[in-house]
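Owing to the predicted nature of the structure, the values given are computational and were not obtained by experimental measurement.
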Amino acid sequence: MIDIRFPDGRTKAYEAGVTPEMIAGDISSGLKKKTVAAFVDGALYDRNRPIEQSATIELITQDQEEAFEVLNHSTAHLMAQAVRRIYGDALFGVGPPIEEGFYYDIATEATIRQEDLPAIEAMMRQIVQEKIEMYREELTREEALKRFEGDAYKTELILELPEDEPISIYTQGEFVDLCRGGHIGNTGHIKHFKLLSVAGAYWRGKSENTMLQRIYGTSWFSREALENHLAVLEDRKARDHRKLGKELKIFELNQEAGQGLALWLPNGYTIRKVLEDYVYNLERRAGYKHVSTPVLGTKKLYEISGHFAHYQENMFPLMSRDGEEFVLRPMSCPHHMIIYKSELRSYRDLPLRLAEIVIMHRYEASGALSGLERVRAMTLTDSHIFVRKDQIKEEALAAYKLILQAISDLGLKIDYVELALRDNEKGKFHDNDQLWDEAEAMLKALLVEENIEHREVKGEAAFYGPKIDIQVRTAMNHVITMSTVQLDFLLPERFDLTYIGQDGEKHRPVVIHRGLISTWERLMSILLEQYKGAFPTWLAPVQVKVLPVNIDSHRAYADALNERFLDEDFRSELDARPEKLGYRIREAQTLKIPYQIVIGDQEVADQTVTYRRYGEKAQTTVPLEDFVALMHQVIRDKS
RNA sequence: GCCGCUUUAGCUCCAACAGGUAGAGCAAUUCCAUGGUAAGGAAAAGGUUGCUGGUUCGAGUCCAGUAAGCGGCACCA
């Protein structure tokens, strides 16, 4: 007999070999149904894995996060078994649970297409019907290698596991897989799943390796949960900025104009201009000085900065004319370094905060391009803050806070903060350990002191220094870098930047690179998806649309209203086309215009305005002056 | 860049389902309709079916190449 201790501290004796499933069943049949797996002395145990020694147990039930992982992990195995039944030669890479489901990487001669997924799903259902038990076994490395002889993928994985630890494998019917485990015990417990897509994926995520076929799927504990998730996926499609950008005439991508080279249409440019003005004013009040520099620079400038050595792959090819070589700049730092050097700087001049709306070009891999989210010509609200060492913390923090403000004003939310550090990969980062250590320590200290929750990621730093990246999650559930604060001891060296200190000697400043709210392109994609195209009034390309009921008899007042609104700096339009009122209303709604105003006899007689807020059915009639005040209020509040 | 898929009018199209030389809705144009919160009616117009080549008497339809787009991977603001 062994003693099983429960989370509440009570213990109970069971026969050795008892399983979490049996223990749950012993407590109640409801709990047995809901139990997916268990933590046994903190280790993840399958639902049906025998417990051989006294231990503390914590059952994992369906409502827990780990349960979703266990279910999806098991569903990945279920799918693999089905794939093996259909494609006899199939070998498998890795098949983990992921945030919204699972995938499994497959190597097979056959090409698996989207239209093959239903057949695989059907086979999965059959295996579910067969209620196959999933057995865990622990082998030595030699035994495991023997078991997976001829399977290059699993062999490679086994060879990388620690030598002295037992290797677990799972057998479900005729199918055997190498796996750390945490399984639901029987294929019969898997019910509500769907295969979603096939894609290519490099073996072990390395681009020099062969490419496997990856099937993505998702698995849930109830039909409602599955359907709910599928509805979320549908909603994401409706939010896709590429679709909305076309419908609302925000931007255009065109094969002739060039891959990844976005054209901003009038509506898009209007929003962009509002954002530019917003950022300009925000920065101005925060003590930034704005500058403007060219998109072209000499090759030499980028050799000095180190970009040419470290960043060339991401740059458009060199141009040369009359023996001089130029690059299309991928960043603006070198130009700002030159501006710093344009005069002798004193310690009193620091911090010097240079800001610019920078057009830059990066040669992104063709497969990386995606709407406005990844482009090759982009405009960044960029800044370089030149500081003394003793000002680093204060200025980096101020930059961080400015970022928080901008993100909040735009109605966005930070998903997480990342501290990106270097790793040992040669050539990727500049070579001065002392500078690196110092810079990394400073950023770390800042985050810790300010209590900013963050994740450390090695190898993600810029070549010139570590950075704090602010990550947001798009409505498409992509995590992307929105803002960044980067510490740079290197460029000041390379450009030999100095300032005259209080002591009359030359000193080296430090540069803080700061990206405020990504690029206009990426920001636009995020905003479109966030608001589903229904922009808050301060951003909307058209804020008010004035519709006279009768395009003759109500025209004069409608005209006067429109003129008044334009005088108030509202982006107003009059729609007096010879179309039915219903038609004009429909169009205004389709274009998601925040305030739609209909003018008829009543309004003309009373000098009032009847408006309808986008997304609402209600019509409100107010005196003209009240409406003007309301609009000013709404715009000021950025709502 | 890599794997897979897709590409028909300005837009949206499982229109052309055994290869016989292209069809709809919306938008745009003209005419008629004076309309109170999501599409009034009519007419006429619009395409060398992404591009290049091949097979065929004949190609939107089959084949090859190429470009772009899409889903991912790798890369990244």
Any side-chain N or O of [X] less than 4.0 Å from the OP1 or OP2 oxygen of [N]?
X      : N     : answer
A:K617 : B:A38 : yes
A:R242 : B:G71 : yes
A:S366 : B:G1  : yes
A:Q619 : B:G36 : no
A:Q114 : B:C5  : no
A:Y216 : B:C73 : yes
A:R362 : B:C76 : no

Using a strict 4.0 Å threshold on nitrogen-to-oxygen distance, state whether [X] and [Y] make a salt bridge.
X      : Y      : result
A:E276 : A:K273 : no
A:E283 : A:R353 : no
A:R236 : A:E100 : yes
A:R473 : A:D415 : yes
A:R455 : A:E460 : no
A:E356 : A:R329 : yes

Using atom [atom1] in both nucleotides, what's the gap between [N] and [M] to the nearest angstrom?
N     : M     : atom1 : result
B:A39 : B:A27 : C1'   : 12 Å
B:G65 : B:U55 : C1'   : 15 Å
B:U7  : B:C62 : P     : 10 Å
B:G1  : B:C26 : P     : 41 Å
B:C11 : B:G47 : P     : 14 Å
B:G20 : B:A59 : C1'   : 10 Å
B:A44 : B:G54 : P     : 40 Å
B:C13 : B:U49 : C1'   : 14 Å

### First of A:L253 and A:I585 reached from the 5' end of RNA chain B, by closest nucleotide
A:I585

## Note on the structure
Whichever of A:T111 and A:V479 has the more 5' nearest nucleotide on RNA chain B, that residue is A:T111

So what does [X] touch, heavy atoms closer than 4.0 Å: a base, only the sugar-phosphate, or nothing?
X      : answer
A:G582 : sugar-phosphate
A:T519 : base
A:R522 : base
A:E364 : base
A:L196 : nothing
A:E521 : nothing
A:D601 : base
A:K467 : sugar-phosphate
A:A201 : sugar-phosphate

Rounded off to whole Å, could you give me the [atom1]-to-[atom2] distance for the [X] and [N] pair?
X      : N     : atom1 : atom2 : result
A:Y103 : B:C3  : OH    : C1'   : 15 Å
A:Q255 : B:G10 : CD    : P     : 15 Å
A:I215 : B:G4  : CD1   : P     : 14 Å
A:K246 : B:G10 : NZ    : C1'   : 9 Å
A:D105 : B:C3  : CG    : P     : 16 Å
A:I357 : B:A77 : CD1   : P     : 20 Å
A:L117 : B:C5  : CG    : P     : 13 Å
A:E256 : B:G50 : CD    : P     : 13 Å

Between [options], spot the one nearest the side chain of [X], thanks.
X      : options             : value
A:K580 : B:A28, B:G71, B:G40 : B:G40
A:M211 : B:C75, B:C3, B:C5   : B:C3
A:A365 : B:A33, B:A74, B:G35 : B:A74
A:R113 : B:G72, B:C5, B:C75  : B:C5
A:Y583 : B:C5, B:A38, B:G40  : B:G40
A:R586 : B:A39, B:G72, B:A77 : B:A39

For [N], which nucleotide in any strand shown is its Watson-Crick or wobble partner with both distances under 3.5 Å?
N     : answer
B:G1  : B:C73
B:A64 : B:U52
B:A44 : none
B:G23 : B:C13

### Task
Compute the centroid of each ring, for A:F92 and then for A:Y104, and state whether the two points are separated by less than 6.0 Å.
yes

#### Entry: Ring centroid separation A:F627 to A:F565 under 6.0 Å
yes

### Query
Does the side chain of A:S525 come under 3.5 Å of the side chain of A:E373 through a donor N or O and an acceptor N or O?
no

### Task
Go through the side-chain N and O atoms of A:S219 and A:N72 and say whether any donor and acceptor fall under 3.5 Å apart.
no

Donor-acceptor pair under 3.5 Å, [X] side chain vs [N] base:
X      : N     : result
A:Y363 : B:G1  : no
A:R374 : B:C75 : yes
A:E208 : B:A74 : no
A:Q596 : B:U37 : yes

### Query
Nearest heavy-atom pair of A:D626 and A:V622: which atoms, and what distance?
CB-CB, 4.1 Å

#### Entry: RNA chain B-proximal residues of residues 602-611 of chain A, any heavy atom under 4.0 Å
A:Q602, A:E603, A:T610

### Message
Any side-chain to backbone donor/acceptor pair from A:T474 onto A:H478? Under 3.5 Å, distance only.
### Response
yes

